[in-house]
Amino acid sequence: MRSSWADAVANAETSAAAASASPNNVAPVAVGPSRGGRAAYVPPHLRNRPPSVESPALPLADGPSGARQPPASGALPAGGNRWGGGPIRDVARPGFGGGRGGGGGWHSRREQEANPFANDDETTEEVFDSQENSGINFDAYEDIPVETSGDNVPPPVNTFAEIDLGDALNENIRRCKYVKPTPVQRYAIPISLMGRDLMACAQTGSGKTAAFCFPIISGIMRGPPAQRQRGSRTAYPHALILSPTRELSIQIHEEARKFAYQTGVRVVVAYGGAPINQQLRDLERGVDILVATPGRLVDLLERARVSLQHIGYLALDEADRMLDMGFEPQIRRIVEQMDMPPCGQRQTMLFSATFPKEIQRLASDFLYNYIFLAVGRVGSSTDLIVQRVEFVLDSDKRSHLMDLLHAQRDSGAHGKQALTLVFVETKRGADSLEHWLCTNGFPATTIHGDRTQQEREQALRSFKSGATPILVATDVAARGLDIPHVAHVINFDLPNDIDDYVHRIGRTGRAGKTGLATAFFNESNSSLARSLSELMQEANQEVPQWLSRFAATRSYGGGGGGRNRRSGGARFGGRDFRREPSSKGGGGDYYGGGSSGYGGGSYGASSGYGGGYGSSGVTSAWD
DNA sequence: AAAAAAT
């Protein structure tokens, strides 16, 4: 895995971090099953340990405010968990190392588990290093604005050492070169380890996947081994991670495999467009965490090759996308109409950068007494992403694009093209632009839903490697994809929804690097003018006068704000809709950048809130 | 109106 922007920070702060990891600041640990009549609850970090090692200073969440029912599979059989203190123990668990002794009747998977870190560090890091490294904004790191709300929000942790994730997971954290938790991890992991449901706004580029994977993996390790019915071809995963695109599912799977390496926790990915047979075989070999796109999962459920009965953890990545009009019925079907344990008996975590109020309302159906968390990005987008808007007629777009690419090539190191991601509106438009670029001397490829899955994955590989440094994409590539070294995002066609714009430009300026986002704007985008200019203002970007005039004359009032009125969605990751006055959401939330207007929120890095974020004191929490 | 997601 590519190291995150936090690494550099962490390297500089390792000693301080270590010093602050005092036993008095132990992270909250998982809430135990609060069933009556069972054995007394033993906190997970005390299991399989010599007694009296630690004494948590923080009270365990309990009662109606914090506790939830245990996962459906939550019964703890004696000696059955994978929570080894030292090197991985052999446990009597089919599919895990214990099989070698014959106990599980299964081959040893430990020896077979491919090293997911094998391809790391032989990537393009060196090739690109000369072009960037403008430096990480260390001050901004301390200034991340954070909002939490909900009952009994646990305090954030400052180091991984404060969290008892177990040796195997800690070793993987080391292999990933994570030294210090990113802001979203600092807040989300304790919440998640408490067993609480969570709605989180945070950027993928700074460790969002790890934020939900670590607690899931650690929880599964503490839990019972999967019981497999002999002869049954149905898989019973303990955790389900859903994402809106195949490539994002692939990416999450790759990351999760690293986190789960040698923990005995098995991660399988299932998505459409690829032969189902391999996926079925993977499932048969055993699965603890299933990463999937909705369509293929429904297929697997209908074939009864997967059951959700044992799901203890449900994570929706890009959750607002998953619950928008196109996806909602499918998601409801999976979450509410199959055999998944109901809300409250599983732990549900929703992640996205943008969380429109209407979507929050829908999402609350899936959540039980959840905590809302919004974590701003590292520094303002001012520091990391320079946003430009240019007025370009449709007929001039190609030649204008050519100018940009030439300029970029001329200024780039070694005369090479820096990675440029070009967003267009339609699949046909993508094909046609790709062809035109190629014929004009700019090696390009394209990714969109009309291409075969093979072509899509090949395009992404070819782009990432720099073989075709220009990728023309539809919105399939707008969300979540972590493509290192994207120097420039060009909105050749602007999206209709400002949230999509936020996600698109979030493909650059990642991992603490700077990025450039250029948008081609003309009359056909007038409905976006107002929200775009507001977004740019909030991000302390220079707003061209003509755009301000557009914003003022068009799409003002008229009640037509519709999707473009961000309704608390984009900037600073939105706000907990439970705190909003129960109106339909007037535009008032737009300008109340400070902490006024809603009480009780806790700003984790309060001193920095607003500092460096422009006068409005807000910023966006990108994906 | 478009894109995505099962075959």
Side-chain angles (χ1 to χ4, degrees), chain A residues 240-253 268-280 282-283 290-306 308 316-335 337-338 352 354 359 394 421-434 446-457 459-460 471-481 491-504 507 520 522-528 560 562-564 623:
Chain A
L240 176 63
I241 301 172
L242 291 172
S243 98
T245 66
R246 298 163 181 174
E247 286 75 15
L248 187 52
S249 281
I250 292 168
Q251 177 181 303
I252 295 167
H253 173 243
V268 171
V269 66
Y271 54 90
I276 202 168
N277 285 338
Q278 182 58 47
Q279 293 172 7
L280 291 173
D282 291 344
L283 289 168
L290 177 58
V291 184
T293 49
R296 178 54 60 92
L297 176 61
V298 168
D299 189 0
L300 293 166
L301 290 166
E302 283 172 350
R303 295 172 188 231
R305 298 299 293 262
V306 170
L308 302 177
L316 301 194
D317 204 359
E318 307 298 341
D320 62 332
R321 176 78 183 81
M322 303 298 281
L323 291 171
D324 81 7
M325 289 204 324
F327 266 125
E328 191 206 341
Q330 244 177 329
I331 301 302
R332 280 201 188 276
R333 185 157 173 225
I334 292 167
V335 177
Q337 290 155 33
M338 298 293 188
S352 183
T354 51
I359 304 285
D394 283 344
L421 183 49
V422 183
F423 281 104
V424 297
E425 196 62 16
T426 66
K427 296 178 276 197
R428 269 194 56 191
D431 279 335
S432 127
L433 184 58
E434 177 221 26
T446 183
I447 184 166
H448 60 69
D450 273 355
R451 304 201 81 193
T452 67
Q453 192 54 31
Q454 264 194 333
E455 288 170 330
R456 287 166 57 157
E457 288 172 36
L460 210 47
L471 179 65
V472 183
T474 60
D475 267 330
V476 69
R479 282 173 175 264
L481 292 188
N491 275 290
F492 189 89
D493 302 318
L494 273 164
N496 295 313
D497 189 321
I498 191 68
D499 287 349
D500 292 335
Y501 173 85
V502 167
H503 285 277
R504 284 180 178 188
R507 297 315 99 213
F520 296 175
N522 61 41
E523 282 92 344
S524 63
N525 310 113
S526 52
S527 68
L528 197 70
R563 311 190 55 187
N564 286 329
D623 35 300

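Computation of the quantities below employed the complete heavy-atom set of this structure, encompassing side-chain atoms and omitting hydrogens, waters and symmetry-equivalent molecules. All chains are named by letter (A, B, ...) in the order of the sequence lines, taking the proteins before the strands, and each is independently numbered beginning at 1.
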>> Between the base of B/dA1 and the side chain of A/Asn496, is one N or O donor paired with an acceptor at under 3.5 angstrom?
In response: yes

> For A/Phe520, which residues count as a ring-ring contact (aromatic ring centres under 6.0 Å, His included) partner, sequence neighbours excluded?
Replying inline: A/His400, A/Phe492

> Given side chains that start at C-beta, do those of A/Arg332 and A/Leu323 come closer than 4.5 Å, heavy atoms only?
Replying inline: no

>> Regarding A/Arg303, tell me which of base, sugar-phosphate or nothing describes its non-hydrogen contacts under 4.0 Å with the strands shown.
In response: nothing

> Rounded to the nearest Å, what distance is computed from the CZ atom of residue A/Arg504 to the C1' atom of nucleotide B/dA2?
Replying inline: 10 Å

>> Applying the side-chain contact (heavy atoms from CB on, under 4.5 Å) criterion to A/His503, which one of A/Asp475, A/Asp320, A/Ile498 satisfies it?
In response: A/Asp320

> Are A/Arg428 and B/dA3 close enough that a side-chain N or O sits under 4.0 Å from OP1 or OP2?
Replying inline: no

> When the distance from CG of A/Asp324 to C1' of B/dA5 is rounded to whole Å, what number comes out?
Replying inline: 11 Å

> salt bridge (Lys or Arg N to Asp or Glu O under 4.0 Å) with A/Asp431: which residues, sequence neighbours excluded?
Replying inline: none

> Contact class for A/Asp299 (heavy atom, under 4.0 Å): base, sugar-phosphate, or nothing?
Replying inline: base

> Taking atom P of B/dA5 as reference, at what distance in whole Å does atom CG of A/Leu248 sit?
Replying inline: 11 Å

> Just checking A/Gly326: base, sugar-phosphate only, or nothing, at a heavy-atom cut-off of under 4.0 Å?
Replying inline: base

>> Under 4.0 Å, counting only non-hydrogen atoms across every strand here, what does A/Arg246 touch: a base, just sugar-phosphate, or nothing?
In response: sugar-phosphate

>> Looking only at the side chain of A/Lys427 (C-beta and beyond, no hydrogens), which of the listed nucleotides B/dA3, B/dA6, B/dA5 gets closest?
In response: B/dA3

>> Below the 4.0 Å mark, does B/dA4 have OP1 or OP2 next to a side-chain nitrogen or oxygen of A/Thr474?
In response: yes

